[in-house]
Number of protein chains: 2
Amino acid sequence: MPSGIAHAELIAVLVAVTANEPRVMTLRGGEVLPYGPFESKHRSLQSGLRAWIESQTGHPVGYLEQLYTFADRDRDPQNPEDTNGARHISIGYLGLVREQDAAGDGRPAWHDWYRYFPWEDHRDRRPEALDAIAEHLEHWAKGDPLRQQRAEYLFGLNGKAWNEDLALQRYEMMFEAGLADGAGGEGRAVFGQPMVGDHRRILATGIARLRAKIKYHPVVFELMPESFTLLELQRTVEALSGLRLHKPNFRRQIDQQDLIEETGEMSSGTGGRPAKLFRYRPAILEAQSLSGTRLPVSRG
Amino acid sequence: MPSGIAHAELIAVLVAVTANEPRVMTLRGGEVLPYGPFESKHRSLQSGLRAWIESQTGHPVGYLEQLYTFADRDRDPQNPEDTNGARHISIGYLGLVREQDAAGDGRPAWHDWYRYFPWEDHRDRRPEALDAIAEHLEHWAKGDPLRQQRAEYLFGLNGKAWNEDLALQRYEMMFEAGLADGAGGEGRAVFGQPMVGDHRRILATGIARLRAKIKYHPVVFELMPESFTLLELQRTVEALSGLRLHKPNFRRQIDQQDLIEETGEMSSGTGGRPAKLFRYRPAILEAQSLSGTRLPVSRG
DNA sequence: CGTCGATATACTCAAACCGAGTACAAGAAG
DNA sequence: CTTCTTGTACTCGGTTTGAGTATATCGACG
């Protein structure tokens, strides 16, 4: 069997939510996702990565999931990989941690992920960037009905509904249309802060996966502090999904499923009436995380 | 940065449905999944694998999706990989092809996948294997309430409902309990045909993924011939999910979504009244495959 | 002290969806 | 022409879900 030798590395999309903003851990001024060599001293990829992340962030990783393995030849045009005949493989992981915090070696920094994808935040209003994007895409899709239809669908144009789960496909279309980095040349606009190589695509993959995941699995709780109010929980889900939710319905679905229980204490309140504090029910965890636990992600 | 060198290979779970049975392509008498080295002559992993599969099966691959990257150190105990310091990475893919067909180099054969997971087929009756499995698991979980609860949940014991999506978790529990291969020793029973290394686990990953996928994405059509009757479509979904479905409801959901259209012709009939022939609507494909197309997988 | 602003929490209501069952139509086989 | 098998249409009740409304309880401020 020929070759089959490759450079392998791990790359992590580490997410935390602080002050109602979803954040990603980055290096080098925010244009690189944390990555590391594929070492074999640990029993599995997961456990090795987990240890590495904990050394970097100083916090335990609540949830860790393999995202995707990226290995396209033209991944990173600036860094030709065929020189030695071996290819470059990046195994991407999605990790959720409870708090943003400095510490660690490589001066990691947490950044609001909407800095990289400003068009993905629909919590307060339709992002203005969308209008400009729509215009560019229209020009790009001119004469190609399939492209047009797909652009309308992905970006919620012409009365189509916005679907928050399609973050990756949206980014990919923008990349193809030359709107994601300078590669398009010819004076095209660039939206959102670029990252090195395909790191922004990997981040988009993580966002899309997480947005899909929170609807059916109780992973949000990995991002919450020990005790929290229902509104804080809702704000976290909203931060991740980029949508505003309907408060009564959100609460209904939450307590229909017995995912949380009251701690007995009340929040000291930021403004209005004090809210009950809740905690995630760890006992139920195993069974629930298998079955179809649902978090309502619906417009409000 | 240290090492980061690894042996990389691709491994494929190739699925077809023929005569209402889900089949997997295998080599060497059915105990090996098709695999190949990770070559760099193609633009991407996907396209390289696609070409390779088509040369093997003689049929185009309708759908191809990355499954998971397997790289645990103790993946394959018979084949120690630390000898040369490089680790072994398998990038798994799930592929759907339209017909089973011989041809190709390595004398590939298609096998009913329930041969490897007999307890997963609930179409006609509750598999008898489940009783024996339940008994073994009960013994294995004795004194550990978490294990007990999880076993009940995974295998639908004690009145719990069966959930077809949990195929992977079920296999993993059986593996842990020593019921999946001879490794358990001490005269344990072995259920289903074993495969080399972790190939059976990879197959379980593919089955679970496909079962989850068909509920929300119109990928079943990649397994269907050009034109088909509604019952044939239903039988295919049933074959994959391992469940019987409610006919009227299945039909309702199918044509609510405009996924298919009549060809105008009728089936020459296998028994009763001739059925209308339908075809998948290719025009809608792009948009639909993004949105939440639903195929009803419910008991009948 | 009373009102306002803000948040928390409870309740209502209709549309949509979904599981399950029933009834009838149309060809094949005997 | 009866029976079997498959196809197709319809009904019905329960559950889910999106959306709206009403009330409770705090802090702040005049």
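Below, read A as the first sequence line, B as the second, and so on, with proteins coming before strands; counting in each chain starts at 1.
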Decide, yes or no, whether a salt bridge links [X] with [Y] under the criterion of side-chain N to carboxylate O below 4.0 Å.
{"X": "A:Lys276", "Y": "A:Glu262", "value": "yes"}
{"X": "B:Glu238", "Y": "B:Arg235", "value": "yes"}
{"X": "A:Arg115", "Y": "A:Glu21", "value": "no"}

Problem set entry | Expected output: side-chain A:Arg279 to main-chain A:Glu261 donor-acceptor under 3.5 Å |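 Not at all, since once roles are kept as given, no pair shorter than 3.5 Å links the two residues.
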
Exercise. Quick one: is D:dT5 close enough that its OP1 or OP2 comes under 4.0 Å of any side-chain N or O from B:Arg273?
Worked result: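 No, B:Arg273 has no side-chain N/O under 4.0 Å of OP1/OP2 on D:dT5.
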
Exercise. Is the shortest side-chain N/O distance from A:Gln253 to OP1 or OP2 of D:dT17 below 4.0 Å?
Worked result: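 So the side chain of A:Gln253 is within the cut-off, an N or O lying under 4.0 Å from OP1 or OP2 of D:dT17.
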
Whole angstroms only, please: what is the [atom1]-[atom2] distance between [X] and [N]?
{"X": "B:Gln256", "N": "C:dG19", "atom1": "CD", "atom2": "P", "answer": "11 Å"}
{"X": "B:Phe250", "N": "D:dT6", "atom1": "CZ", "atom2": "C1'", "answer": "15 Å"}
{"X": "A:Asp255", "N": "D:dT16", "atom1": "CG", "atom2": "P", "answer": "13 Å"}
{"X": "B:Leu231", "N": "D:dT6", "atom1": "CG", "atom2": "C1'", "answer": "7 Å"}
{"X": "A:Leu245", "N": "D:dG20", "atom1": "CG", "atom2": "C1'", "answer": "16 Å"}
{"X": "B:Lys215", "N": "C:dC17", "atom1": "NZ", "atom2": "P", "answer": "18 Å"}
{"X": "B:Gln234", "N": "D:dT8", "atom1": "CD", "atom2": "P", "answer": "12 Å"}
{"X": "B:Asn249", "N": "C:dT22", "atom1": "CG", "atom2": "P", "answer": "14 Å"}

[options]: which one has an atom nearest the side-chain heavy atoms of [X]?
{"X": "A:Ala275", "options": "C:dA8, C:dG19, C:dG27", "value": "C:dA8"}
{"X": "A:His246", "options": "C:dT9, D:dT6, D:dG20", "value": "D:dG20"}
{"X": "B:Pro248", "options": "C:dT9, D:dC10, D:dG7", "value": "D:dC10"}
{"X": "B:Leu230", "options": "C:dT7, D:dC26, D:dT8", "value": "D:dT8"}

Problem set entry | First encountered from the 5' end of DNA chain D, between B:Thr229 and B:Arg252 |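 Going by which nucleotide is closer to the 5' end, it is B:Thr229.
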
Problem set entry | Geometric cation-pi criterion, A:Arg170 with A:Trp162: 6.0 Å, 45° |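 Cation-pi check for A:Arg170 and A:Trp162: passes.
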
Problem set entry | B:Arg281 to B:Phe221, cation-pi by 6.0 Å centre distance and 45° axis angle |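 Negative - B:Arg281 is either too far from the ring of B:Phe221 or too far off its axis.
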
List, with names and distances, any nitrogen or oxygen atoms from the protein found under 3.5 Å away from nitrogen or oxygen atoms belonging to nucleotides 13-15 of chain D.
none

For this session: Please determine which of B:Trp119, B:Phe155, B:Phe191 meets the ring pair (Phe, Tyr, Trp, His ring centres under 6.0 Å) test together with B:His136.
Result: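 Testing B:His136 for a ring pair (Phe, Tyr, Trp, His ring centres under 6.0 Å) against B:Trp119, B:Phe155, B:Phe191 leaves exactly one candidate, B:Phe191.
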
